[in-house]
Amino acid sequence: MQLDILSIVAHPDDTELTCAGTVIKMAEGGYKVGVLDLTAGESGTRGNARRREREAAKASKVMGLAHRENLGMPDAGIENSREYKLKIAERIRALRPRTVILPYWEGRHPDHYMTGRIGYEACFLAGLARVQLSGKPHRPHKIIYATYYVPSVRPTFVVDITAQFEKKLKAILCYSSQFSPRGDMQNLFPARTDLRERVASQARHFGLMIGARYGEPFVTREVAEVEDIVNMPVKSI
Ligand SMILES: [Zn+2]
């Protein structure tokens, strides 16, 4: 397997919520995109692991994924251990992605930021020839961080997902166990009707930063090199 892009996330539905528009756009452009879910989301208050697995398979189809797998780590129990890092590194060697998308390394939910941190270290370990791991060493060329769950972070860049917005929403709605059919008092489980407005308003917020209708935000740790300041992809709006 040789993926172009691999999204590594804590829970099934994290990719859909944080970067599905980008994933869909890249898949539409002919890139092979995969998702590595670290847990099955079994601690969620609603739905069970089996139901969420079915939902994830449906969402994969909507997004046009070339590959998806689940590492079966404990939900709400992702920790900074060598065992977990090696487990992820082994999959990186097998899937050989050129670009990896990780969740931002800080935030409210430990599973999310921990995935960002150990995912980064796993990418590093995967490239070391002398680590005791099966598979040929492979280091992704680029790591980008999806910051959607941490809206206070100013993105390094935003991907225009206007044309992919409806499909993104469709992928999110595959996780029907996570949404209430009607209004819900609890903020955690938005009603279906409310979901569209929530997803749209956040995507609109980031879209405005690049003069587009809808966008998804990302951060890179590295500084981008620019050769041509006339044709660089930054608009002053
Ligand atoms: Zn999550």
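Positions are given from 1, in the same order as the sequence printed here. Counting starts at 1 for both ligands and their atoms, in listed order.
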Tell me, please, which residues at least two apart from Y31 pass ring pair (Phe, Tyr, Trp, His ring centres under 6.0 Å). none
Ion pair present between R117 and E106, side-chain N to carboxylate O less than 4.0 angstrom? no
Applying salt bridge (charged side-chain N to carboxylate O under 4.0 Å, His left out), name anything that partners D111, two or more places apart in sequence or on another chain. none
Taken by chain and residue number, the protein N/O/S atoms under 2.8 Å from the Zn ion (ligand 1) read H11 ND1, D14 OD1, D14 OD2, H112 NE2
N-O pairing of K25 and D160 below 4.0 Å: no
So which heavy atom on R108 is nearest to which on Y113, and how close? O-CE2, 4.3 Å
Does Y145 have any ring pair (Phe, Tyr, Trp, His ring centres under 6.0 Å) partners at least two apart in sequence or in another chain, and if so, which? W105
